[in-house]
J.: 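Starting off with a structure, shown below.
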Amino acid sequence: MSGTGLAGRGVVVTGAASGIGKAAATALAREGAKVLVADLRQEGAEAVVEAVRAEGGTACAVVGDLSDQKVVDEVVTTAVDTFGSLDVLVNNAGIMDRLSAVADTEDAEWERVLRINLTAPFLLTRAALPHMLAAGRGSIVFTASEAGLRGSAAGAAYTASKHGVVGLVKNLAVMYRDKGVRTNAIAPGGTVTGIQVDAVPGAHGPAAVGAYAANIGRVSTAEEQAAAILFLASDAASNVNGVVLPVDNGWAAV
Ligand code: NAD
């Protein structure tokens, strides 16, 4: 993609040890961005950093749980200290629920999914914003989901968390539109990654998913999702703000 404006930019990608985040970190580094890989998984994060460096790119890693404010602060401080700026934040890390309906959702499942999928990106965005506002520019991209657009793509906790992400994206887009910070999201449909589903029996289990599987269409590669993240992060999308872009083979249109 020409005119991305990403060369030399300081970028944070969360959940970048695997799947969509890994593909996004790789794609952004290939555009010349300096990429901080943030993830729970040390081995995977270090492997991505090594792969970027092997291609001549710039990367470093922060390993930890992004629902912990201390880890969030370390991510932002490390990016700013190492790269000199934090220009792009990709809030991508997330986990699935157990495809459970409300009556089958335990407190622990609800709290864990909401904490990682919605609160963690809120914490990171809040920590990153002062740097973007001081610079008068920034691009934030969230990985939402088809479950942020419809009621039948997952269980109660995941669906609520991703609808929350969509609301957060739109609020950020409006609140900071006059300050040079754009916020957008991708809404992936089914995508081949390492994400795990430990479904509860019955309720909204895999059998229910199977009933609407025909609507899902062709599943994506992680690289197809990363291409959309790259576009939204880049100057090619310089007046795109508050958009939730489905990357789903038309599932949202069914
Ligand atoms: P993945 O499991 O391959 O990657 C997710 C990464 O996030 C992992 O490396 C994991 O270690 C990391 N992570 C999870 N919790 C974390 C935490 N608390 N702190 C730090 N890192 C953490 O899965 P993926 O499919 O690439 O998921 C990326 C995003 O895409 C998620 O937000 C997910 O909800 C969304 N999504 C995925 C699909 C799909 O079909 N795969 C569809 C729609 C949306």
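All ligand and atom numbering here is 1-based and tracks the order in the structure.
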J.: Run the contact test for G190 against ligand 1 with a 4.0 Å cut-off on heavy atoms, strictly below, and give the result.
T.: yes
J.: So which bit of M96 gets within less than 4.0 Å of ligand 1, heavy atoms only: side chain, backbone, both or neither?
T.: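 Neither part.
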J.: Report the nearest protein non-hydrogen atom to atom 35 (C) of ligand 1: residue, atom name, distance rounded to 0.1 Å.
T.: T143 CG2, 3.6 Å
J.: Measuring from the heavy atoms of A153, does anything fall under 4.0 Å of ligand 1?
T.: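 For ligand 1, residue contact (heavy atoms, under 4.0 Å) with A153 is absent.
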J.: Show the atoms of ligand 1 that are less than 4.0 angstrom away from any heavy atom in N92.
T.: 28 (C), 29 (C), 31 (C), 32 (O)
J.: How far apart are the closest heavy atoms of V52 and T58, and which atoms are they?
T.: CG1-N, 3.8 Å
J.: Say whether R41, considering both its backbone and side-chain N or O atoms, lies within less than 3.5 Å of an N or O atom on ligand 1.
T.: yes
J.: Backbone N or O of A38 within a donor-acceptor pair of the T14 side chain at under 3.5 Å?
T.: no
J.: Please state which protein non-hydrogen atom is closest to atom 18 (N) of ligand 1 and give its distance, to 0.1 Å?
T.: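 Going by distance alone, atom 18 (N) of ligand 1 is nearest to D65 OD1, 2.9 Å.
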J.: Quick one about E109 and S100 (side-chain donor to acceptor, distance below 3.5 Å, no hydrogens or angles considered), yes or no?
T.: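 Indeed, the side chains of S100 and E109 share at least one donor-acceptor pair under 3.5 Å.
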J.: Regarding atom 11 (O) of ligand 1: of the candidates V219, L66, D39, I95, which has the closest heavy atom?
T.: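 Selected option, by shortest heavy-atom distance: D39.
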J.: Should the proximity of A222 to ligand 1, defined as any heavy atom under 4.0 Å, be assigned to the side chain, the backbone, both, or neither?
T.: neither
J.: Under 4.0 Å from a heavy atom of G19: which atoms of ligand 1 are those, numbered in the order shown and with their elements?
T.: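 So the atoms of ligand 1 that pass are 3 (O), 26 (O).
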J.: Should you measure from each heavy atom of G64, which atoms of ligand 1 turn up under 4.0 Å away?
T.: 19 (N), 20 (C)
J.: At the 4.0 Å heavy-atom cut-off, does A144 count as touching ligand 1?
T.: yes
J.: Say whether T191, considering both its backbone and side-chain N or O atoms, lies within less than 3.5 Å of an N or O atom on ligand 1.
T.: yes
J.: Any heavy-atom pair between the side chains of L89 and T125 that's under 4.5 Å?
T.: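 Touching, per the 4.5 Å side-chain cut-off.
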J.: Considering only heavy atoms of G15, which atoms of ligand 1 have at least one such atom less than 4.0 Å away?
T.: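 Answer for ligand 1: 6 (C), 7 (O), 12 (C).
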J.: With heavy-atom distances below 4.0 Å as the criterion, list the atoms of ligand 1 near Y158.
T.: 33 (C), 34 (O), 35 (C), 36 (N), 43 (C), 44 (C)
J.: Could you check whether any heavy atom of Q196 sits closer than 4.0 Å to an atom of ligand 1, since that is the contact criterion I want to use?
T.: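 False for this residue.
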J.: For atom 37 (C) of ligand 1, state which one of I20, T14, V165, I116 supplies the nearest heavy atom.
T.: I20
J.: Using the salt bridge (Lys or Arg N to Asp or Glu O under 4.0 Å) rule, take R150 and E146 through it: C-alpha gap first, then chi angles, then the decisive distance, then the call.
T.: CA-CA 6 Å; R150 58 177 64 239; E146 199 70 20; 3.2 Å; yes
J.: Report the C-alpha separation of R112 and E106 in whole Å, then their side-chain angles, then the decisive distance to 0.1 Å, and conclude whether the salt bridge (Lys or Arg N to Asp or Glu O under 4.0 Å) test is met.
T.: CA-CA 10 Å; R112 189 170 128 75; E106 293 173 0; over 6 Å; no
